[in-house]
There are 2 protein chains.
Amino acid sequence: MLTRQRKSLILERLKADGQIVAKGFALETGLSEDTIRRDLRELAGEGLLQRVHGGALPASPAVADLSKRQHIATDGKAAIGRAAAAMVRPGQFVFLDGGTTTAQLARRLPHDLKATVVTHSPSIAVELAHHPHVTVELIGGRLFKHSMVSVGVAALEAIRRIRPDVYFMGVTGVHEDYGLTTGDPEEAAIKRAICELAAETVVLASHEKLGAVSPCIVVPLSHVSSIIAEGPMPAKLDARLQDLKVGIVTV
Amino acid sequence: MLTRQRKSLILERLKADGQIVAKGFALETGLSEDTIRRDLRELAGEGLLQRVHGGALPASPAVADLSKRQHIATDGKAAIGRAAAAMVRPGQFVFLDGGTTTAQLARRLPHDLKATVVTHSPSIAVELAHHPHVTVELIGGRLFKHSMVSVGVAALEAIRRIRPDVYFMGVTGVHEDYGLTTGDPEEAAIKRAICELAAETVVLASHEKLGAVSPCIVVPLSHVSSIIAEGPMPAKLDARLQDLKVGIVTV
DNA sequence: CTTGACATTACACGATATTGCACGAATGAT
DNA sequence: ATCATTCGTGCAATATCGTGTAATGTCAAG
C-alpha cells in the first residue's frame, strides 16, 4: 500500500469514526504499528489531525457535532465488527444484515479483501462502496426505514435465489429459551429465510442484547453456528450455547 | 510496445485500480522498472497523474467517494433538484435515478409529501430514509459502485415489474442528435428500461451535460417528457427539444 | 546500403525514502 | 506507587528514485 493511500485512508476513517486507535488500525490494515504511528505523527505535523495518546482525533474539534456523535459506534460494537470482519475468508460469499453493528463489520473488512457481499441494507451497500475489491449484491424490496433494510415479498424472492457461505445476523435479543428475536415480524421473516439458506450463521450481539427478548422470534439458538458477543455472557445463556455447540467469541 | 500505448495503458490501469505500483506494473508488463518510472514521471509532468513514492495515484481526486461529491453539490444541481422536487404530486409513484443531482431532488422533497419512491440507488434510499411519509421501494442487483446503482439482470427483472408515473433520469450527456447518453452500457440499459416503462420521463441536466455526448446511448430525445436544465440552453438543442414538444424548465 | 542524428531503453550507482526493530521515556490505569 | 501500554528516537536493512551512460532501435539523408 502506498504512503499516500494510507494517509488518506486514515483521514477518511477519522472522519467516519471520529477517532483512530493506532493499534487497532494497524491490526485491521495489516500494517505495522510503527508505520501507522509515523503516519499519524506526520499528519499531525501537517495539522490534518490531532495526535493523542493511543491514536488520533480530528483536527477540528468542531466535528464533534451531535449527529456525528450518534454515528460513533460504541467500542463494543466496533470490537464485534472487527472480530467478525476477521472471520471473513477471501473469495467467500457473505450475507451482511442491516444495522449499526454490521455496518461496523463492513467498515472493518480488510481493505484488500476480495469477496462478494450480499446485503438487503442500502446503508451497508453505501458503506461497502469504499472497498475496491468487494463485489456488492443488493437485495431490493420495500424499505423498512427503522432498520434500513429491504423487506417484503420482493426481498424474500431475491433472497431465495442465493446460498451464502456465511450470514452475519444482527438481532435485538438473544435468549436461552426464546432464541433470537427482533422487533419487526417482516424483518424476522427475512432473517429467518437468510438463516435457512446460509451455510453458516454468525450472530453479532452487543452487550444489551444478551439475555434480552424482543416480540418476534427469528430462529432458535440451534440454528446458529457462532455468536460474537460483547462482554461477559450470562451464565444460563452461556450454558445453553455450549450445550448446542454454538461457537462463542467474546470481545 | 510503443511509448504511447504504454502511457495510455498506465492511465487506463490507474483509472481502473485507482493506483499504480511501479514495480508490480513493470513485472506484469515485462517492461523495465526504469521505463515505467520514466513514464510515470512524464505523465506526472503533464499533470495526468500524481507521482508518489512506490508508484502513482490518479491526478484528480475525482475518485473521491460519492459522498464527498454529494456534499459539494453545485448551486445549479441544488436548483435543479428543487425544481424537480416541486414536480412531484402527492400519491405519485416516482422512480428516482442514482446520481448527485437526483440526490439533491431526494433531499428537497417536501417533508410532508406522501408518495412512493422507487430507486436502484442505495445512496438515494438512505437519503430518503428521513422522509417519514415516503414509501421507499429498493431495486436490487449487482452494485455498480462508480454511480452507486444496481445493475444487471436482477435489477432489470425487478424494474420490469413496475410502472412508475414519472421517472427522474440523470444522464451525462444531452445532445440534439445523439439524444441522452451515459458512460456505462449496463447503466444505459437500465435507464432505457425504466424510461420505457414510466408514463413520463423527466431528465435532470446540469449545465455541463447540455450538448455533451457520452459513449452509451440511452434513448433519443423523443422519449423524454420534460427536461430540467441549468442555465441557458444551447440554441440547437433548444430548437430540437421544441420540435419534439419536450417540456423545458431552466433554472 | 551506409551513416549519422535522434529517440528510446536498460543498466549502474549514489541519493533518498520507507520500514521494522530496539530501547528508554512518557503516559494512563490500577 | 506500580505496571502495562504507548511514544518517540536512533539505527540498520531494504526499496525506490533520479541521473548519468552505454546499448539498441528508428529514420532519413546521402
Side-chain angles (χ1 to χ4, degrees), chain A residues 1-14 17-59 61 64 72 74-83 86 108 110-113 132 207 230-232 250-251, chain B residues 1-14 17-59:
Chain A
M1 160 136 3
L2 273 42
T3 309
R4 262 319 210 336
Q5 288 183 303
R6 235 174 27 228
K7 290 192 179 175
S8 56
L9 189 66
I10 289 175
L11 292 175
E12 206 174 297
R13 168 64 72 84
L14 194 54
D17 285 10
Q19 66 170 120
I20 293 270
V21 178
K23 188 168 188 174
F25 193 79
L27 243 57
E28 279 172 49
T29 54
L31 300 161
S32 86
E33 287 183 46
D34 290 272
T35 304
I36 299 302
R37 268 198 269 276
R38 222 188 309 266
D39 286 341
L40 292 180
R41 239 172 304 167
E42 284 170 18
L43 288 168
E46 294 170 41
L48 295 170
L49 53 75
Q50 195 185 340
R51 189 81 172 83
V52 297
H53 196 90
L57 295 173
I72 296 176
T74 62
D75 290 349
K77 287 190 179 179
I80 292 174
R82 198 154 34 230
R108 256 75 188 185
H111 195 255
D112 57 350
L113 176 75
H207 186 64
E230 176 196 2
T250 49
V251 297
Chain B
M1 159 142 5
L2 273 46
T3 309
R4 272 293 194 43
Q5 288 182 301
R6 237 173 26 231
K7 290 193 178 175
S8 58
L9 187 65
I10 289 175
L11 292 176
E12 209 172 293
R13 170 65 71 88
L14 194 54
D17 288 7
Q19 68 169 111
I20 293 272
V21 178
K23 189 170 188 173
F25 193 77
L27 242 59
E28 274 177 55
T29 55
L31 300 161
S32 85
E33 288 183 45
D34 293 85
T35 305
I36 301 301
R37 268 199 269 276
R38 216 190 325 267
D39 288 340
L40 291 181
R41 241 172 316 188
E42 285 170 18
L43 288 168
E46 295 170 41
L48 295 170
L49 53 75
Q50 198 183 345
R51 189 80 172 83
V52 298
H53 195 92
L57 295 173

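Please read these numbers as outputs of a predicted model, since none were measured by experiment. Below, all heavy atoms of this structure are taken into account, side chains as well, without hydrogens, waters or symmetry copies. Naming: A, B, ... by sequence-line order, numbering from 1 per chain.
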Minimum-distance nucleotide (side-chain atoms of [X] versus [options]):
| X | options | answer |
| --- | --- | --- |
| A/Thr3 | C/dT18, C/dA22, D/dC17 | C/dT18 |
| A/Arg38 | D/dG18, C/dT9, C/dG20 | C/dG20 |
| B/Arg6 | C/dT9, C/dG20, C/dT19 | C/dT9 |

Quick check on [N]: is either OP1 or OP2 less than 4.0 Å from any side-chain nitrogen or oxygen of [X]?
| X | N | value |
| --- | --- | --- |
| B/Lys23 | D/dT16 | yes |
| A/Thr35 | C/dG20 | yes |
| B/Arg41 | D/dT19 | yes |

Take the protein atom [atom1] of [X] and the nucleotide atom [atom2] of [N], then report the distance between them rounded to whole Å.
| X | N | atom1 | atom2 | answer |
| --- | --- | --- | --- | --- |
| A/Gln5 | C/dT18 | CD | P | 14 Å |
| A/Glu33 | D/dT6 | CD | P | 7 Å |
| B/Leu27 | D/dT16 | CG | P | 11 Å |
| B/Arg51 | D/dG18 | CZ | C1' | 10 Å |
| B/Arg37 | C/dC11 | CZ | P | 13 Å |
| A/Ile36 | D/dT5 | CD1 | P | 20 Å |
| B/Ile20 | D/dT16 | CD1 | P | 15 Å |
| A/Glu42 | D/dT9 | CD | P | 12 Å |

How long is the straight-line distance from CD of A/Glu46 back to NZ of A/Lys7, given to the nearest 0.5 Å?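 If I round to the nearest 0.5 Å, the distance is 5.0 Å.
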
Distance in Å, A/Leu40 CG paired with A/Arg38 CZ, rounded so as to fall on 0.5 Å steps: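 Going from the CG atom of A/Leu40 to the CZ atom of A/Arg38 covers 11.5 Å.
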
Hey, does B/Ile36 have a side-chain heavy atom less than 4.5 Å from the side chain of B/Thr29?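 Result yes, sub-4.5 Å side-chain heavy-atom pair found.
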
Answer yes or no: is there a side-chain heavy-atom contact under 4.5 Å between B/Leu31 and B/Asp39?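 The answer is no; the side chains never approach within 4.5 Å.
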
Less than 4.0 Å between a side-chain N and a carboxylate O, is that true for B/Glu28 and B/Arg13?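 Counted as a salt bridge, because a side-chain N and a carboxylate O are separated by less than 4.0 Å.
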
Nearest-nucleotide 5' precedence on DNA chain C, A/Asp39 against A/His53: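 So the residue in question is A/Asp39.
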
Sugar-phosphate, base or nothing in reach of A/Val52, heavy atoms under 4.0 Å: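 Sugar-phosphate only.
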
